[in-house]
Amino acid sequence: MSASVAYCSPARSSLSCCQVDNSSQNDVHDACANSPVDGPEIATGLLQSNNNYFVQEKHQFPKRPEIDLQFRNIGFRVNSWSLKKFKTETKEILHGVSGEFRAGELTAIMGPSGAGKSTLLNVLAGFTVQGMSGEILVNGKLRSSNSESWKRTSCYIQQYSLQRTKLTVGEAMTLAAHLKLGCTISSGFKHTQVLELLEILGLSHCYDTLCGKLSGGQKKRLDVALELLSNPSVLFLDEPTTGLDSASTSQCIALLRRLARTERRTVVCTIHQPSALQFEMFDSLYALADGHCIYKGAVNTLVPHLASLGLHCPPYHNPADFLLEVAIGEYGISTDKLISAIDKSCENQKTIAASIKPPLDDDCHTKDEKTESPPPPAGLLAQCYLLYKRQLMSLRRDYFLLVVRILCHLIIGLLFGYLYMGSGIYGNRVLANYVYLYGSLLLIVYTGKMAVTLAFPLEMQILTREHFNRWYKLAPYYISLLLVEVPFQAACAATYLTISYWLTGQPLETSRVFIFMLVSIAASLCAQAWGFFIGATTNVRIAVFVGPIIAVLLSVFGFCIRYMDTPWFFRWLFHISYFRASFHSLLVTVYGNNRGRLPCEEVDGEVPYCHYRLPQSFLHEMEIGQTGLIDNLALIVGLGVLMHLCTAGALWCKLNRR
Ligand SMILES: Nc1ncnc2c1ncn2[C@@H]1O[C@H](COP(=O)(O)OP(=O)(O)OP(=O)(O)O)[C@@H](O)[C@H]1O
């Protein structure tokens with residue numbers, strides 16, 4: 001082990017002992033080549049000689065079950081509708097591939113672009129279920145597609161780093177630790193885990209840095225650190241080195257190899273063109289071409305295997321590059337020949353277990369009975385609280401958005417108030433007041449809806465990753481989101497309404513003010529519920545125009561057209577339009593409920609013709625005299641609740657039916 005070892009933690013067995021200065025790739029290579037043998041001895045040595053933070057810790061990083069993953073005849077096909085041919089087309093991406101990934105090994109899945117590497121990883125991780133065929137075995141037992149114990153013991157780190165940009169590294173890790181390790185583990189232990197993992201991954205100095213400000217490599221390491229908190233037995237990583245420079249790539253692979261070898265994890269990652277040195281750091285290789293396996297086995301037997309087929313890797317040529325060149329047909333050998341060669345070699349080697357035990361239950365059986373199961377994650381209430389805290393933290397840091405949203409409502413309230421000043425008082429300005437009420441409602445409906453319409457399209461990737469890796473359930477996530485967004489939108493709407501209501505001279509009677517506020521805010525929140533639903537069911541480009549179109553469509557019924565003038569086949573829209581319900585309720589609140597005769601404003605010392613001196617006559621002409629306030633409020637609230645339930649249902653389908 002090099003002298004650059006920084007810390008050695010008994011809590012992490014020998015893993016921490018591989019913490020090396022990564023200034024040189026050779027150091028990384030040498031250190032990690034030695035680590036499985038030297039680790040424990042070095043750990044003991046440093047325990048005696050060092051007096052640092054970790055050495056004093058009593059915590060043990062729990063042992064996890066060792067898991068061997070076998071897969072047989074895995075196929076994957078996608079169906080897509082072809083408008084040109086007017087029929088469903090099926091595309092086969094994986095053609096019955098088989099193999100095995102063992103505990104204690106770092107395996108690379110390699111192949112040319114489009115070979116099916118990510119698809120295979122998705123299928124093996126359980127991230128993609130629909131369209132797959134074949135069998136996946138965990139320690140010799142069939143794994144069911146929804147196996148909970150599998151999800152508890154594995155994690156999947158996707159290609160693109162997805163973090164809450166407004167949280168610091170320390171906050172992100174601490175919240176993830178609370179969510180993943182639950183309440184049975186003490187806060188002190190979780191804090192130690194966070195500090196140790198950050199130390200191991202070289203992120204200690206980033207503890208107070210915002211996640212959004214990390215470099216590409218640091219983000220990837222943070223992704224790994226976040227998932228390692230629950231100490232999974234199996235790690236799947238989709239192209240963990242993409243976008244990293246050579247030194248960072250070596251560092252990343254070295255870390256994964258240490259996890260595999262010293263902590264006996266099963267680590268599988270897809271990788272593009274590693275250097276020869278980086279390639280050697282892998283224990284085994286699974287190579288794909290056009291959805292077929294063209295090589296599986298130890299990395300160091302790749303070159304002899306290819307040589308046995310007459311494909312001689314030139315001296316000083318990177319075997320990884322050579323493999324890719326062979327796979328794309330640069331050496332004139334067909335994929336079929338490579339496939340049949342690997343099939344023959346597998347028959348001889350019998351890599352897949354000959355006898356497979358029947359699927360008795362859902363448990364991932366352990367090889368080592370002394371291992372511990374992962375701790376239960378936080379309960380639903382705790383998840384709700386932690387996610388709410390995280391939402392609040394992000395919102396507080398995003399104070400520009402916070403201030404802009406409130407300030408816009410304030411300014412527009414002043415503007416509308418100024419433009420329609422006094423319109424609520426006079427009989428000859430009833431139509432102007434009518435427009436003010438319509439405009440106000442339209443404003444708070446739009447802001448309510450559009451502020452959240454993009455929430456899910458942008459959040460979906462993070463939500464999918466965290467939900468898949470069992471950080472939390474959907475219900476606490478959605479409730480925590482509502483706990484932040486609903487009061488905030490209500491406060492924005494109330495800011496606008498208070499200012500404009502007062503400036504436009506609406507009646508200052510407590511009951512009218514209260515009902516006006518209640519109905520308007522309920523309408524805004526109902527629109528927000530629509531916004532969540534549209535965002536959860538459509539992509540960004542569709543969401544941005546479907547939202548306004550629905551708002552305008554619903555607003556037409558109730559303002560621009562009377563019920564009696566509407567064609568019969570559109571009349572149902574009157575009954576489901578929350579906009580109609582709220583607009584009519586606002587008019588009744590302002591002009592109904594026995595409001596007295598309205599004064600008429602004098603113009604040039606004369607009282608002009610004042611048609612709506614009696615407010616009831618206006619309501620009568622507009623056909624809204626009979627509006628039931630309770631019914632309307634029930635429609636608005638009911639529709640809002642229904643949209644939230646539909647949103648939760650749509651999200652559930654997206655998260656669980658992959
Ligand atoms: N849902 C899908 N619908 C249609 N085609 C798909 C789908 N998913 C994957 N494919 C196709 O399957 C093939 C394999 O895709 P995959 O992403 O697994 O390749 P890959 O080997 O990981 O490629 P790369 O190295 O470029 O990331 C590609 O041709 C891709 O277009």
Side-chain angles (χ1 to χ4, degrees), residues 1-2 4 15 18-36 101-102 104-113 115 117-118 120-121 157-159 161 200-202 215-221 223-225 235-263 265-289 294-306 313-328:
M1 193 75 175
S2 90
S4 55
L15 182 62
C18 287
Q19 187 67 29
V20 293
D21 179 351
N22 287 298
S23 55
S24 141
Q25 288 188 11
N26 286 335
D27 276 358
V28 172
H29 185 66
D30 295 346
C32 294
N34 293 332
S35 62
F101 300 140
R102 292 197 201 90
E105 284 186 2
L106 171 62
T107 306
I109 299 181
M110 282 182 62
S113 182
K117 302 180 292 293
S118 302
L120 178 62
L121 204 69
I157 299 166
Q158 284 159 310
Q159 186 176 355
S161 295
I200 287 165
L201 287 146
S215 72
Q218 288 170 334
K219 280 182 186 164
K220 290 223 156 112
R221 279 183 275 153
D223 274 343
V224 176
L235 282 96
F236 293 101
L237 302 103
D238 194 7
E239 298 186 19
T241 58
T242 301
L244 303 189
D245 59 23
S246 180
S248 305
T249 300
S250 299
Q251 192 181 358
C252 178
I253 300 173
L255 166 79
L256 298 177
R257 181 168 139 143
R258 290 198 292 268
L259 280 170
R261 289 202 169 181
T262 61
E263 293 291 333
R265 311 291 161 86
T266 312
V267 186
V268 184
C269 63
T270 59
I271 191 156
H272 270 290
Q273 293 195 300
S275 69
L277 177 66
Q278 291 156 357
F279 186 57
E280 271 178 37
M281 289 159 76
F282 286 92
D283 298 301
S284 57
L285 172 69
Y286 196 90
L288 287 169
I294 56 166
Y295 179 78
K296 55 187 165 191
V299 162
N300 53 18
T301 56
L302 171 71
V303 174
H305 170 76
L306 293 176
C313 182
Y316 308 112
H317 197 64
N318 179 358
D321 290 344
F322 184 64
L323 173 71
L324 293 183
E325 287 157 12
V326 168
I328 58 173

Considering residues at least two apart in sequence or located in another chain, which fulfil the side chain to side chain contact (heavy atoms under 4.5 Å, CB included) criterion with Ala108? Met110, Ile271, Phe282, Leu285
Who are the side chain to side chain contact (heavy atoms under 4.5 Å, CB included) partners of Pro314, not counting sequence neighbours? His317, Phe322
Is there a donor-acceptor contact under 3.5 Å from the side chain of [X] to the main chain of [Y]?
X	Y	result
Lys296	Ala287	no
Arg257	Met281	yes
Ser250	Ser246	yes

Mind listing the closest non-hydrogen atom pair of [X] and [Y] along with its distance?
X	Y	value
Pro112	Leu324	N-CD2, 3.8 Å
Val267	Ala260	CG2-CB, 3.8 Å
Thr270	Ser118	CG2-N, 4.3 Å
Ala320	Pro274	CB-O, 3.8 Å

Does one side chain, of Thr249 or Gln278, offer a donor that lies under 3.5 Å from an acceptor on the other? no
How far does [atom1] of [X] sit from [atom2] of [Y], to the nearest 0.5 angstrom?
X	Y	atom1	atom2	value
Cys269	Leu106	SG	CG	5.5 Å
Glu239	Leu237	CD	CG	11.0 Å
Arg221	Cys252	CZ	SG	8.5 Å
Cys313	Asn318	SG	CG	7.5 Å
Asp321	Gln273	CG	CD	5.0 Å
Ile294	His305	CD1	NE2	8.5 Å

Contacts of type ring pair (Phe, Tyr, Trp, His ring centres under 6.0 Å), residue Phe279, not counting sequence neighbours: none
Taking ring pair (Phe, Tyr, Trp, His ring centres under 6.0 Å) as the test, write out the residues that go with Tyr286, two or more places apart. Phe71, Phe101
Determine whether Leu235 and Thr266 make a side-chain contact, defined as any pair of heavy atoms from C-beta on separated by less than 4.5 Å. no
Kindly determine whether Asp283 and Val299 satisfy side chain to side chain contact (heavy atoms under 4.5 Å, CB included), including the steps that lead there. CA-CA 6 Å; Asp283 298 301; Val299 162; over 6 Å; no
Suppose we screen for salt bridge (Lys or Arg N to Asp or Glu O under 4.0 Å). Which residues come up paired with Asp238, at least two apart in sequence or across chains? none
Holding to side chain to side chain donor-acceptor pair (under 3.5 Å), I want the full list of residues that pass it with Thr107, two or more places apart in sequence or in another chain. Ser284
